[in-house]
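In what follows, a single structure is set out as structure tokens and then discussed.
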Amino acid sequence: MDNLSNELNKLKIDRSKRAIAPQGKNRRFIVLLVVLLVLGLVGAVVYRRATAAVEVEVIKPRPDDSSQSAVLIATGYVVAHHKIQVGSKIAGRVGWIGVVKGDRVRRDQVVVRLEDREYRAQFEQARAAYEAAQARLQELQRGSRPEEVMRAQAEIDKAQAQLRIDEAQLRRTEGLVKEGVAPAQTLDEIRGRYDADRANLASLMQTWELTRQGPRIEQVENARSEAARAQAALDYARSILDSTEIHVPISGTILERNVEQGEMVTTYFVGEQGAKGFVVTLADLSDVQVELDINQNDFNRIHPNQPCTIVTDAYPDRSYDCRVDEIAPEANRQKATVQVKVKFLKPDEHIRPEMNARVTFFASEEASRTAKAGPPRLYIIPKRSVLERETGKAVLIVQNGRAQEQPITVEKEVATDVFVSKGLTGNESIIIGERLQQLKSGDRVEVK
């Protein structure tokens with residue numbers, strides 16, 4: 001029996017082992033699936049990065065026309081032709097300022113308002129005085145009212161009636177005195193009253209005549225002068241009140257904001273501390289020049305309206321046409337130079353005052369056109385666009401949406417410029433920027 005029981009136990013299925021074995025297989029399957037998904041995602045990201053176009057910045061090679069027709073090359077600084085420091089006509093405290101550095105403003109735009117409570121009160125006082133003077137002048141100009149003339153006439157009629165009564169009483173009293181009935185003293189009193197009433201009548205008639213004629217010419221002129229003086233005082237008070245709003249005289253760009261709200265503004269020059277002598281500084285950046293100090297030995301190569309080109313250090317790939325605009329009437333003895341200013345003919349938003357600039361002066365307009373018409377010997381590109389390779393120097397150009405390496409031959413290097421003698425035709429789009437070193441030939445690119 002014991003042997004039989006042992007044999008039967010061997011035939012039983014071990015359920016614990018059956019549960020463990022499938023669980024291990026499922027776990028391995030899940031791990032394998034997760035690994036495959038991760039690899040798939042990584043591959044997709046890598047493929048996407050490999051096939052995505054990289055945004056790049058490009059420039060065009062600039063022909064070196066100066067090597068064929070230039071008579072002088074000089075360096076200087078970009079300056080605004082008219083740099084204006086806008087001040088205030090009155091002293092006051094800044095109540096509001098509406099611009100910041102870099103804002104573009106139009107002519108007559110309000111940029112600062114001063115507190116105007118006191119000036120407004122003075123204006124209202126001057127206006128009241130003017131209205132009173134004007135009313136007085138109109139009163140005199142219109143003359144007496146009909147009612148005033150009628151009242152004067154009524155006073156005359158009353159005086160005439162009283163005079164007639166006095167005259168009749170005087171005659172009766174004279175008769176009584178002659179007959180000895182009335183005393184002479186009574187006659188004197190009545191005669192005195194009669195004379196007074198007659199004088200009063202004459203006075204009332206003069207008053208009536210003056211009322212009928214109106215005021216004298218001198219009175220009208222005096223009132224007119226008072227009104228004019230009040231008008232001038234009102235205009236002055238209005239101009240002072242209007243001066244609390246500070247306008248800009250020209251359209252341009254704000255270069256400096258010199259005051260803040262709550263600061264005092266004055267009308268005279270002061271130092272850096274205390275009240276400010278002006279509120280903003282602005283200039284018209286569409287009217288800019290390059291200021292140069294030309295050595296006296298080279299001054300004979302410069303003449304008015306001479307054609308030239310400008311290249312700034314900040315944007316060496318951009319060239320601007322210009323002309324000689326101003327030549328100083330006297331030289332600088334200490335520097336042995338003459339100041340010359342050349343004017344941009346077509347400036348753009350890339351030009352900023354105080355930039356370094358290089359000016360190339362041409363012999364004449366005809367020589368400049370001839371040089372530009374002929375094939376240039378060299379092309380100028382920024383040094384930061386050149387790549388160093390084992391075989392020499394090269395640049396990356398954009399061609400059919402991909403970066404292509406183009407070998408070049410460098411003739412010379414001047415400051416941040418590279419003069420290329422071979423490898424460029426002038427129509428290439430050369431890649432520059434931070435991503436230049438990360439690109440290689442064949443990468444997909446997209447021009448900004």
Side-chain angles (χ1 to χ4, degrees), residues 88-92 113-245 247 267:
S88 174
K89 295 170 62 178
I90 60 175
R113 289 191 179 96
L114 304 180
E115 296 178 358
D116 62 353
R117 182 177 301 176
E118 296 85 356
Y119 298 113
R120 189 169 296 278
Q122 293 175 4
F123 169 74
E124 295 296 338
Q125 183 180 8
R127 182 166 63 179
Y130 167 73
E131 291 175 353
Q134 193 69 18
R136 175 61 179 165
L137 174 62
Q138 292 177 358
E139 178 185 2
L140 295 176
Q141 287 177 334
R142 290 174 181 174
S144 302
R145 291 175 294 181
E147 293 80 4
E148 294 175 338
V149 177
M150 293 175 63
R151 186 181 64 180
Q153 182 64 51
E155 292 291 334
I156 291 175
D157 294 341
K158 179 180 177 181
Q160 287 177 342
Q162 183 63 40
L163 185 62
R164 285 194 296 270
I165 294 173
D166 293 342
E167 184 179 6
Q169 189 175 2
L170 176 62
R171 291 177 181 174
R172 286 194 301 270
T173 304
E174 287 178 347
L176 294 175
V177 170
K178 288 180 179 180
E179 295 176 356
V181 176
Q185 183 179 359
T186 303
L187 179 62
D188 295 337
E189 292 177 356
I190 294 174
R191 183 178 287 114
R193 187 165 56 246
Y194 171 77
D195 293 339
D197 289 340
R198 187 171 60 181
N200 182 49
L201 176 61
S203 175
L204 291 176
M205 293 184 68
Q206 292 293 331
T207 302
W208 172 81
E209 183 64 24
L210 291 176
T211 303
R212 186 182 64 82
Q213 291 180 1
R216 297 171 57 183
I217 296 177
E218 292 81 2
Q219 292 177 306
V220 176
E221 292 300 324
N222 183 53
R224 183 176 287 110
S225 299
E226 288 295 326
R229 185 178 65 83
Q231 175 72 58
L234 178 62
D235 293 341
Y236 176 74
R238 180 182 289 111
S239 67
I240 294 297
L241 180 60
D242 292 342
S243 297
T244 59
E245 291 188 346
H247 304 253
T267 57

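Here the CG-CG distance, from Leu201 to Asp157, works out to 9.5 Å after rounding to the nearest 0.5 Å. For the atom pair CG of Leu170 and CD1 of Ile165, the computed distance is 13.5 Å after rounding to the nearest 0.5 Å. Note that CZ of Arg193 is 14.0 Å distant from CG of Asn200, once rounded to the nearest 0.5 Å. Separating the CD atom in Glu124 from the CZ atom in Arg127 is a distance of 4.0 Å, to the nearest 0.5 Å. With rounding to the nearest 0.5 Å, the separation of CG in Leu114 from NZ in Lys89 is 12.0 Å.
Partner Leu204 forms a side-chain contact (heavy atoms from CB on, under 4.5 Å) with one of Gln160, Glu155, Lys158 and no other, that one being Glu155. For the side-chain contact (heavy atoms from CB on, under 4.5 Å) with Phe123, the qualifying choice from Leu234, Asp116, Ile240 is Leu234, the only one to do so.
The pair Glu226-Arg229 meets the salt-bridge criterion, since a charged nitrogen lies less than 4.0 angstrom from a carboxylate oxygen. Glu167 and Arg171 are joined by a salt bridge, as a carboxylate oxygen and a charged side-chain nitrogen come within less than 4.0 angstrom of each other.
Closest approach of Leu137 and Ala227 over heavy atoms only: CD2-CB, 4.1 Å. The two residues Ala233 and Ala126 come nearest to each other via the heavy atoms O-CB, 3.9 Å. In this structure, Ser243 and Ser239 approach most closely via the heavy-atom pair OG-O, 2.7 Å. Contact record, Tyr119 with Ala91: OH-O, 2.6 Å, taken as the closest heavy-atom pair. Closest heavy-atom contact between Ala223 and Arg136: CB-CG, 4.4 Å.
No more than 12 heavy atoms of other residues, nucleotides or ligands lie within 6.0 Å of CD in Gln185, so this atom counts as exposed by the packing criterion. Under a cut-off of 6.0 angstrom, the local environment of CD in Gln125 is sparse, with at most 12 non-hydrogen atoms contributed by other residues, nucleotides or ligands.
At distances below 3.5 Å, not a single donor-acceptor pair connects side-chain atoms of Ser203 with backbone N or O atoms of Ala199.
Asp235 and Gln231 are linked by a side-chain donor-acceptor pair at a separation below 3.5 angstrom, with hydrogens and angles left out of the test.
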